[in-house]
Structure formats: C-alpha cells, structure tokens
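Let me begin by presenting the structure, written as structure tokens, before commenting on it.
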There are 2 protein chains.
Amino acid sequence: MPREKLHIRTLKERYNVGTSPLREALSQLIAKDLVISENQRGFYVSDISIDDLTDIYQARAKIESLCIEMAFQKGDDHWEANALAASHRLNKYSESEHIDMEEWQNRHSAFHKSLVAGCMSPRLLQIRHSLYEKSTRYRNLWLKENISNTETLGINQKEHTELLNLALSRDTEGATRLIEDHILTPVEIIKKSLSQL
Amino acid sequence: MPREKLHIRTLKERYNVGTSPLREALSQLIAKDLVISENQRGFYVSDISIDDLTDIYQARAKIESLCIEMAFQKGDDHWEANALAASHRLNKYSESEHIDMEEWQNRHSAFHKSLVAGCMSPRLLQIRHSLYEKSTRYRNLWLKENISNTETLGINQKEHTELLNLALSRDTEGATRLIEDHILTPVEIIKKSLSQL
DNA sequence: TAATTTAAAAATGTCGACATTATATAAAAG
DNA sequence: CTTTTATATAATGTCGACATTTTTAAATTA
C-alpha cells in the first residue's frame, strides 16, 4: 500500500534473496517512482494523490498527442497496416462473448502502441512507456470499478475506430484532440475511487 | 569513454568503496541511460551515436515546446516576473568582459527553466530535466568547439531576448517555433565533432 | 504528569569472502 | 593451419556477518 514501509528483513525472507539483489531491485523501483528511499531510514512505497493522478494523466495525454502528431507526419504504409491490424484485433475481441480483462488490456495497449510507433523516436516512446507504467496503480483502480462494464467498453470502442480513421486520413487536429480526451476520460472516475480510500 | 568496460574491481579501488554502494551507484547511472549492464557480463559506458544525438535533441525540442505552450496558457504574474529576472541575469552576464562558461551555463539553463516552469507539471518538468541530462555528453562536445566563441553567443543572446518578448506577449506559435530551432541549432555542429572521433 | 535523558532494541547500509559464470589460453583433433 | 575441446584465469553477482544509525522503550528529572 502507498506510504507502507518496506522492511529489508521481511522482503529478504519473502523472496528468499540476500541483501544485494534486493537493494538493486529496490533501486529499479525507485527509478520507476514506485518506491522512495530516505538515507539511513529505509524504503517506502510511493504515495499516491489526486494531484499526482491528474499530473500523470495530463502528461500522458500530451505525450501521446505529440507522438501521434509526429507519427502522422512520418508514418508510412507499414505503420498504417500495423495500426489497421491492431485495430482489428481489438475490435474482434471487444465484440466477443467472454472478455478476459488482461487480454483486452494487451490488445488495447497494442493498438495505441501501433499508432504512436510511427513517430520513430525511441526516446519519446520510452518516455511514453514510462508514464504509462507510472499510471498503472491508478489505472488498476479504474479497472476495479469498470470490470465487465460493457457500456464503458462500448464508448471506448467507438473512440478507437474513430481514432484509426483519423489516422488513415491523417487528420492531426482531430486525432490529437480525441486522444487527449480519450486518455483523460478515466480521471474523474479514479478521483472518486481515490477519495473513498 | 563510450563503450568502455567498467570493471568492478577497478572502480572499488578507485573510489574506496565496497561492492554494494558501487553497484547501487551503477544502478542509478543505468536509470540515467549513462551505463548499461548485461547479465553476468558486467557494466559498460553507454554508447553514443549520431542517431541517438538526433533523437535526444529532437525529443528535447518537442518537450520544451510543449512545456512552453502549456506555460503560456497557465503562466501568471509571478511566472512573467521570474522569466524577466532570469533573462536580465543572462543578458548582463553575456555582455560582461570575461565569461566563465560554467556560470554562463547556469544562467542560461535558469532562464529556460523559468520559462517552462509555468506549465506547472512536475512530471513534464522531470522528463525535460531527464532529457537535458541525457544530452549532456553531446552538449559538452559543443562546448569544446564553441568555448569563447562570441559570435555564436551573440546569436544565442538575440534568440533569448526574442523568446522573452514572445512569452510576455503570449505568442505561442512564434515561441514554439523559435524554441525548437534554438534547441536544434547545435545538432549539426555536434554531428561534425562526432564524426571526427 | 510531562518532558528530558538514558539505555535497549531493531533496522539500515557496508564489507569482504565465496560460488557461479564468462573469458582467455593452451592442447588436441580434423 | 584451422577448428574444436579442455583447462586455467579472471570477473561477476550473491550471501551472511558486522558496524553504524535510527527508533522504541524505560528511567530519571523537573
């Protein structure tokens, strides 16, 4: 849980490892902003807050928008084809009988990834991925609320097909506006979940 | 040097530390993309390349542009005042007799920081700072070429005052175009330096 | 009773030894 | 002479013990 103390001894016993690998693992989690450390005072799970939630999602929206804008300039035939394929995979699965949320998430993120891939910038894609990971704890709150919520999923699906069409017609302005809204949609719902904690 | 092997034993002796602190330090450098590690094969200084140079500087240009765009929307009186002050400090120093490059860099980055600070997004500012750090190795090549090059400094200075004016008049389009050019300016020079290595 | 000091307990961070893995060298085979 | 195999050397990564610091608890003082 956020703010929770991470005791070295406890973690060593739980994962059956020594000091070194554990501390290095914690170092990696610090790099991901999931853990913070105070000198000589140990490690803690990073805190969450509405301010942080808002900031991360707004940054994500802007970065995604930027990647898409660049992708629309640089994207070639292969980019279009891959986006089309990813959209198809997501579409088909969204219409299927039983939806496994993990598989849906895989296809969902694969679709968005196929769109931004066209920007051809490793660094921007890395930044985007990093922000996506940082938003995971908040996104999980959204998933708990919206598990098997077919209505929300339906709206989502409409936006995805529209996004693909905007991509194929290279409508930068329309796509950037839509993607920013698309990403920011869950924020209000998550804010409520956060308040209830 | 890029690609150089980092021997644990050597580093331990050089810095007079044990295994753990050294490996944790390396972990932090990995997070900054300055060092890479291959499992069971040790640590290496990250490579540099023209592709990487180009990608980093283009990403920086886009992020800086984004921050400025947002700052122009959200910036208040204090933001304007701080930018004005930072601009003044940079201006005065650029006109002074003897220029210490380190002090000039401090005032230079302080000026740009004062502009983007108005975007009010900790995450975006963090991303911006991280990219700036990643570009340091390339920027140092530029500094070696342009140490005490008053001509380059003069052009730079013009752009800075123009940037401030665009900020005070909230000319988003003009400012974003200028800042992107401003950041990308050194790229061609650095490319040449890189080729000569 | 509250605040401060002192002592005990627990936790962190560092070290050097050791086991495992990769690399370099020499020997053997094709 | 080249390629393969076997051996020796060197380097990495892991572990548990130890020293230092922080936290908790008890005792003393005002």
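Worth saying up front: this structure is predicted, and the values here are computed from it rather than measured. The basis for the numbers below is simple: all heavy atoms, side chains too, and nothing from hydrogens, waters or symmetry mates. All chains are named by letter (A, B, ...) in the order of the sequence lines, taking the proteins before the strands, and each is independently numbered beginning at 1.
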Return whichever of A:Gly42 or A:Ser20 has its heavy-atom-nearest nucleotide of DNA chain C closer to the 5' end.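 Mapping each residue to its closest nucleotide by heavy atoms, the 5'-most match is A:Gly42.
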Rounded to whole angstrom units, what separation is found between the [atom1] atom of [X] and the [atom2] atom of [N]?
X	N	atom1	atom2	value
A:Leu22	D:dT14	CG	C1'	12 Å
B:Arg23	D:dC15	CZ	C1'	13 Å
A:Ile30	C:dG13	CD1	C1'	13 Å
B:Leu6	D:dG13	CG	P	12 Å
B:Lys12	D:dT14	NZ	P	14 Å
A:Glu38	D:dT22	CD	P	11 Å
A:His7	D:dT21	NE2	P	21 Å
A:Tyr44	D:dT22	OH	P	12 Å

Using the rule given for salt bridge (Lys or Arg N to Asp or Glu O under 4.0 Å), can you reason through B:Arg107 versus B:Glu103, listing the C-alpha separation, both sets of side-chain angles and the distance that settles it, and then say yes or no? CA-CA 6 Å; B:Arg107 301 198 183 201; B:Glu103 177 64 14; 2.8 Å; yes
Quick one: do B:Glu13 and B:Arg9 make a salt bridge, cutoff under 4.0 Å?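 Yes, charged N to carboxylate O under 4.0 Å.
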Looking at the side chain of A:Gln40, which of D:dA11, D:dT14, D:dT22 is the nearest nucleotide?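 The closest nucleotide is D:dT22.
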From the list C:dC15, C:dT12, C:dG16, which nucleotide is the closest neighbour of the side chain of B:Thr19?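 Selected nucleotide (nearest to the side chain): C:dG16.
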Side chains of A:Ser65 and A:Glu180: any donor to acceptor distance under 3.5 Å?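 There is such a pair between these side chains.
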With nearest nucleotides of DNA chain D determined for A:Asn39 and A:Glu24 from heavy-atom distances, which residue corresponds to the more 5′ nucleotide?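 Its nearest nucleotide lies further toward 5', so the answer is A:Glu24.
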Classify B:Leu26 by what it touches in the nucleic acid, base, sugar-phosphate, or nothing, heavy-atom distance under 4.0 Å.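 Since no nucleic acid heavy atom lies under 4.0 Å of B:Leu26, the category is nothing.
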Using a heavy-atom cut-off of 4.0 Å across all strands, would you classify A:Lys5 as base, sugar-phosphate, or nothing?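 Touches sugar-phosphate only.
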Decide salt bridge (Lys or Arg N to Asp or Glu O under 4.0 Å) for A:Glu80 and A:Arg170; before the verdict, give the C-alpha distance in whole Å, the side-chain angles of both, and the deciding distance to 0.1 Å. CA-CA 10 Å; A:Glu80 288 183 5; A:Arg170 313 272 170 150; 2.6 Å; yes
Spatial distance of atom SG (A:Cys67) from atom NZ (B:Lys62) [nearest 0.5 Å]: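 Interatomic distance, A:Cys67 SG to B:Lys62 NZ, rounded to 0.5 Å: 10.5 Å.
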Can you tell me if A:Arg9 touches the phosphate of C:dA10, counting only side-chain N or O atoms and a distance under 4.0 Å to OP1 or OP2?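 Answer no for this pair, as no side-chain N or O of A:Arg9 is under 4.0 Å from OP1 or OP2.
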Look at the side-chain N and O atoms of A:Arg41 and state whether any lies under 4.0 Å from the OP1 or OP2 oxygen of C:dA11.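 No, A:Arg41 has no side-chain N/O under 4.0 Å of OP1/OP2 on C:dA11.
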